[in-house]
Amino acid sequence: MAIDWSTIFKKYRGKWIALKDDEKTVIAAGETAVKALESAKKKGHQNPILVEMPKHLVPLTLQT
């Protein structure tokens with residue numbers, strides 16, 4: 001099932017985020033993956049999912 005990250009993208013564009021296992025709850029964010037991970041670990045989350053939010057969304061065009 002697809003997860004809608006549009007709200008997360010708007011708030012965290014261009015940043016690294018640490019997510020809970022549900023893949024939609026943001027635990028921490030930072031300018032680098034290391035900063036996001038350190039912040040998440042300080043909050044008690046030892047193994048979050050790390051994702052880099054793009055600065056811009058680029059549409060995918062499929063050619064047939």
Side-chain angles (χ1 to χ4, degrees):
M1 176 184 260
I3 297 174
D4 181 5
W5 280 356
S6 59
T7 305
I8 294 173
F9 168 74
K10 288 176 187 174
K11 187 171 182 181
Y12 297 103
R13 87 175 39 194
K15 296 190 186 275
W16 280 87
I17 59 171
L19 299 169
K20 283 188 174 182
D21 288 340
D22 65 5
E23 298 180 14
K24 54 188 172 185
T25 304
V26 178
I27 302 165
E31 295 298 322
T32 65
V34 171
K35 288 181 181 180
L37 181 59
E38 287 174 350
S39 182
K41 285 185 175 185
K42 286 180 185 177
K43 296 177 181 179
H45 301 276
Q46 295 303 310
N47 198 18
I49 299 167
L50 293 174
V51 179
E52 184 179 19
M53 286 288 114
K55 291 180 182 179
H56 306 283
L57 290 180
V58 179
L60 175 65
T61 305
L62 299 176
Q63 296 181 2
T64 56

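Since the structure is predicted, the reported quantities are computational estimates derived from the model, not experimental observations.
- Every residue was checked against the side chain to side chain contact (heavy atoms under 4.5 Å, CB included) condition with N47, not counting sequence neighbours, and none meets it.
- With rounding to the nearest 0.5 Å, the separation of CD in E31 from NZ in K15 is 3.5 Å.
- Its side chain within the 4.5 Å cluster rule, L62 clusters with L60 among the Ile, Leu, Val, Met, Phe, Trp and Tyr residues.
- Pairs engaging residues 51-61 under the side chain to side chain donor-acceptor pair (under 3.5 Å) rule: none recorded [sequence neighbours left out].
- Counting side-chain heavy-atom gaps under 4.5 Å among Ile, Leu, Val, Met, Phe, Trp and Tyr, the cluster of L50 also holds W16, L37.
- Across A40 and P48, no two heavy atoms sit closer than the pair CB-CG, 3.9 Å.
- Grouped with I27 in a hydrophobic cluster is no other residue, since no side-chain heavy-atom contact under 4.5 Å to another Ile, Leu, Val, Met, Phe, Trp or Tyr is found.
- Alongside F9, the hydrophobic cluster contains I3, W5, I8, Y12, I17, L19, V26, I49, V51, M53, L57 (criterion: ILVMFWY side chains under 4.5 Å).
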